[in-house]
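Structure record follows, encoded as structure tokens.
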Amino acid sequence: MFLRAFKWVLPMKPNPNTAIFISVILTSGWGAAAAARAAVEDSFTEVEVRSSFDGAVQKALWWAPAGSQPAPLLVALHSWSADYRQAESREYLKRCRARGWALIHPDFRGPNRTPAACGSDAAIADVAGAVAFARSHARIDPGRVYLAGVSGGGFMSLVMAARRPELWTAVSAWVPISDLARWHSECRRRGLRYAADMEAVFGGPPDGDARILAEYRRRSPLFHLGAARGLALEIAAGIHDGHTGSVPVAHTLRAFNELARANGAAQAAIAEEDIARIEEGRQVPARLGPPPADPSFTRRVLLRRAAGPARVTLFDGGHEMLMDAAFAWLERHRRKQDFVEISAAVLEDKIRGGLLGQILGDLNGLPHEMKYIAEPGSVARYVPSLPDGAWTDDDTDVEWVYLGELERAGALFLPPERIADLWRRHINRRIWCSNQYLRQLMDLGIEPPLTGSVHLNPWADFNLSGQFLSETWGLISPGMPRAAARLALHYTRVGIDLEPAQSAQMFAAMIATAYLTPDLEKILDAGVAAVDQGSILRRIAEDVRAWRRMYPDDWRAARKRIRDTYSICNGCDRDRNGVRLNAAATLGALLYGNGDFTGTLRHAFNFGWDCDNNAATSGTILGVIQGRRWIMDQGWTIRDRFRNTSRDGMPEDETITRFGDRLVRLAGRVIDQEGGGREGGRFRIPVQPPGNVEPQPDPVRQRAALREGLRSEIETGVLMPASPRQQARAAYLAVCLDLASGLRANHPGPWSEAVKALENYPKVLQVLFHHSPMPAGDRLRERARAAGIPGPPRKENVW
């Protein structure tokens, strides 16, 4: 609770992928009904915000200054065990009133004891929704939107800084938790109840089921702070925290180190040995000082480091927030928030043009798919057409399935279990490569994001589906490349990992940027900015641009350089269906097409490899630039039909127009969510500088964490299974993670039973032995045979 010095002490006061659309309402309006509902002391008004994530109503305390001038906004976050009614909100209000700032103190699924809380997608949506609420009910200065929180609120401040950095001018996070799995261990060792809270959130400790460990990590800001690059973010902690308080200062210091690396200032990071000394001895080594004087701190500053716009401060105190220091940090920062206006008619025309360009590129490209591998194609003349209308193909129909569910759910981000259910119900035929493989993993009970893990799915580290399942998310995020990248990652990670995840961000960002400019160089710049600095895609983009300049009139020469530089295995699956060659071919088609719609698609066909997908992506970009009206004015034969030839249980009478209707409606939601809106016949869209939303993980560390986290589940599934499916899943996971040999040697009987259970999933064995690419597939097959798992005698189709 708060003392007069605004200090939290233990116990905490009793009483959360990605971006999600929030529909904000006051259920009874602003009049007498609102006042009757609850006018909270200190002039707060209790308001309600309904989330389209799940339709739940989240309450908040709201105050805005009188007057017509735009006001700064502070979003203040409640602590771990509290909710929006936390009495300390009045301390925020006192300072906001003195400064003329608006203040919202939102609930974000209440205390962190339920799966819906604790940094969840729903909780992230609730905080973003609070910003949207404030913007829709007061004149908010877009260049002064601030975020602050302490303890559990500090944790959520870091989560929001990493997940939604574009929302904030500056962030102040005090004594935050940055690594939930580590904190669980620390709380369990000290007998603190927060370990039980986390087990209630995640369904157990982080040292058992790998899915549980993965969720601990997914919600821990430490692993995502690279996305907060360039954000003014201070993290502060009292040096005695972890001794007299609940969160060791190492959480603060390691979070700062991630920001230092992200901001290109790795030299500012604090060494692990120094972190240990500070945490254990509660003293800062002299070589790390001397610290500066800071009159805004009412405690002595012991350590301060800066890394670009981020900084860390340790002070002589405990588990507390020095609120005046927090306000001093926040009010130092201003930023210019730009908006772009576009008429509703033009926006709709571009959305429909992008969809039509995608369909034309996909279906007109199918006759050329995989025909030009060693050498390019020679298509000299091409006239876009759909004389019989469109039909379902995997470049468009997986996203089509998602769109229908998004409209039914009133949400933008579907939870992983719902995504898996959609695949089981609708996506069973006409799927290949990674998508075919992941669908069989779902039959074992393996669900996203593990279905897209490179360690379980041998296609996931190179497969093209990160690109060809990303167009829709760019189309519904006009002018907002970060929002597009978040959506694309959420829906493509079901089947891909590593570089393909970077490609999803690249192409979604490029499509979103095409709404704002026809300049292909600027569009490509946005795509490059959206990928991790260490991604191979940055080098590919640089090379393709250089070859375009080197061979301005000879696309074949550029194509040869692409083939010679980025071929991996002389035409095997990793080349044909791989992200390197196909991303390069897509960029080459755009650059050599030089803004001409037909010429761009023709170049996409001729560059080759998996060219229908590359033509679909480049066609989407050109379609957004040109618009549907322009496409239809060309006199091409295009029938308004979208036949369902592959997706079980989906509409049989869809049209391209109705497909586009869904996109138009969802785009309006995304605009609202990101802080824009519609005024009359025009949309006001916040300008988002493109940036990397999800950095590239280290696959070695990724595998080690997965192996350790899944070990207990695998052993239980073999030795004490609750069902044959659990046995089969355990056997498959053991093979993937090199645990099978030990189980077979030490427990031959139970292992034999698990193998028999796996044999009851013949489609899984088919994709493992006959539908997985080299070299990863070869390694899997070798492990499986060594573990006594017989492969099917011959290759067969799985649909």
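If you read the sequence from its start, that first residue is 1, and numbering goes on from there.
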Can you tell if the side chain of L498 reaches within under 4.5 Å of the side chain of P697, non-hydrogen atoms only? yes
Could you check whether any side-chain N or O of E407 sits under 3.5 Å from a backbone N or O of L403, counting only pairs where one atom can act as donor and the other as acceptor? no
Let me know which of T586, N613, T492, D610 forms a side chain to side chain donor-acceptor pair (under 3.5 Å) with Q467. T586
Around atom CD of E542, are there more than 12 heavy atoms from other residues, nucleotides or ligands closer than 6.0 Å? no
Name all residues meeting the side-chain hydrogen bond (donor to acceptor under 3.5 Å, both in side chains) criterion together with D543; count only those two or more places apart in sequence or in a different chain, and write none if there are none. Y566
Without swapping roles, check the side chain of T451 against the backbone of V494 for a donor-acceptor pair under 3.5 Å. yes
Measure from the side-chain N and O atoms of N364 to the backbone N and O of P384, and report whether any donor-acceptor pair falls under 3.5 Å. no
D778 versus M774, closest heavy-atom pair with distance: OD2-CB, 3.2 Å
Between L765 and I789, does the side chain to side chain contact (heavy atoms under 4.5 Å, CB included) criterion hold? Intermediate values first, please. CA-CA 9 Å; L765 295 181; I789 299 174; 3.9 Å; yes
Is there side-chain contact between R430 and D394, with at least one heavy-atom pair below 4.5 Å? no
Derivation and outcome, side chain to side chain contact (heavy atoms under 4.5 Å, CB included), residues I351 and E348: CA-CA 5 Å; I351 292 171; E348 179 176 343; 5.6 Å; no
For Y491 and W473, take the angle between the two ring planes, folded into 0 to 90°, and tell me which bin it lands in: parallel under 30, tilted 30 to 60, perpendicular over 60. parallel
More than 12 heavy atoms of other residues, nucleotides or ligands under 6.0 Å from CG of N570: yes or no? no
side-chain hydrogen bond (donor to acceptor under 3.5 Å, both in side chains) evaluation trace for N644 with E654: CA-CA 7 Å; N644 181 6; E654 189 71 287; over 6 Å; no
Is the backbone of A585 close enough, under 3.5 Å, to the side chain of N614 for a donor and an acceptor to pair up by distance? no
Quick one: do D397 and R429 make a salt bridge, cutoff under 4.0 Å? no
Sequence neighbours left out, what pairs pass salt bridge (charged side-chain N to carboxylate O under 4.0 Å, His left out) with at least one residue falling in residues 435-453? R424-E447, R439-D443
Flag side-chain contact, heavy atom, 4.5 Å: C433 against F462: no
Closest heavy-atom pair, M480 versus I685, reported as atoms and distance to 0.1 Å, is CG-CG2, 3.8 Å
Okay, side chain of S453, backbone of H455: is any donor-acceptor separation there less than 3.5 Å? yes
Donor-acceptor pair, side chain of Q440 and main chain of Q436, under 3.5 angstrom: yes
E782/R779 salt bridge by N-O under 4.0 Å criterion: no
Nearest 0.5 angstrom please: C736 SG to L450 CG, how far? 10.5 Å
Which value, rounded to the nearest 0.5 Å, describes the distance between R643 atom CZ and D393 atom CG? 11.5 Å
Evaluate the side chain to side chain contact (heavy atoms under 4.5 Å, CB included) criterion for residues D648 and R425: first the C-alpha distance (whole Å), next the side-chain angles of each, then the deciding distance (0.1 Å), finally the verdict. CA-CA 7 Å; D648 305 326; R425 288 174 52 195; over 6 Å; no
Where L475 and L355 come nearest, the two heavy atoms and their spacing: CD1-N, 3.8 Å
Taking the basic N atoms (NZ, or NE/NH1/NH2) and the acidic carboxylate oxygens, is any pair closer than 4.0 Å for D661 and R658? no
Ignoring hydrogens and angles, tell me if any N or O in the side chain of N582 forms a donor-acceptor pair with the backbone of G578 under 3.5 Å. yes
Short question: side chain of Q502, backbone of D532 - any donor-acceptor pair under 3.5 Å? yes
Which class fits the ring pair F605 and Y382: parallel under 30°, tilted 30 to 60°, perpendicular over 60°? perpendicular
Atom CD of E796 with >12 non-hydrogen neighbours under 6.0 angstrom: yes
Any side-chain heavy-atom pair of L438 and I431 under 4.5 Å: no
Surrounding CZ of R217 (heavy atoms of other residues, nucleotides or ligands, distance under 6.0 Å), is the total greater than 12? no
So which pairs with a foot in residues 575-599 pass salt bridge (charged side-chain N to carboxylate O under 4.0 Å, His left out), sequence neighbours left out? none
Residue pairs passing the ring-ring contact (aromatic ring centres under 6.0 Å, His included) test with at least one member in residues 574-600, sequence neighbours excluded, are F597-W636
So, E674 and R486, do they make that salt bridge, N to O below 4.0 Å? yes
Ignoring hydrogens, what is the shortest heavy-atom contact between T472 and E399? Give both atom names and the distance. N-OE2, 2.8 Å
Quick one: pull up CG in N577 and CH2 in W459 and give me the separation to the nearest 0.5 Å. 6.0 Å
May I ask you to decide if G495's main-chain N or O and S434's side chain share a donor-acceptor pair within less than 3.5 Å? yes
Derivation and outcome, side chain to side chain contact (heavy atoms under 4.5 Å, CB included), residues L758 and V735: CA-CA 11 Å; L758 183 57; V735 168; 5.8 Å; no
Approximate separation, where rounding is to 0.5 Å, of L622 CG and I511 CD1: 11.0 Å
Interatomic spacing from NE2 in H603 to CH2 in W555 - rounded to 0.5 Å: 6.5 Å
Side chains of L537 and S503: does their closest heavy-atom pair fall under 4.5 Å? yes
Decide yes or no for N435 and W423: does some side-chain heavy atom of the first lie under 4.5 Å from some side-chain heavy atom of the second? yes
Residue of the set R163, H490, R218 for which side chain to side chain donor-acceptor pair (under 3.5 Å) holds with D121: R218
Is there side-chain contact between L422 and R418, with at least one heavy-atom pair below 4.5 Å? yes
At what distance, to the nearest 0.5 angstrom, does CZ of F659 lie from CZ of F642? 5.0 Å
Which residue pairs pass the disulfide bond (SG atoms under 2.5 Å apart) test when at least one of the two sits in residues 570-603, sequence neighbours left out? C569-C572
At their closest point, which heavy atom of L590 faces which heavy atom of I621, and how far apart are they? CD1-CD1, 3.8 Å
Pairs under 3.5 angstrom only: tabulate donor-acceptor contacts from the side chains of residues 371-378 to other protein residues two or more places apart or in another chain.
unit_1	atom_1	unit_2	atom_2	d
K371	NZ	P367	O	2.9
Y372	OH	H368	ND1	2.8
E375	OE2	R563	NH1	3.3

Check whether any side-chain heavy atom of W547 lies under 4.5 Å from a side-chain heavy atom of R559, and answer yes or no. no
Have D395 and Q358 got a donor and an acceptor in their side chains that come within less than 3.5 Å? yes
Backbone N or O of D461 within a donor-acceptor pair of the D497 side chain at under 3.5 Å? no
Minimum heavy-atom distance between P448 and P416, given as atom pair plus value: O-CB, 3.6 Å
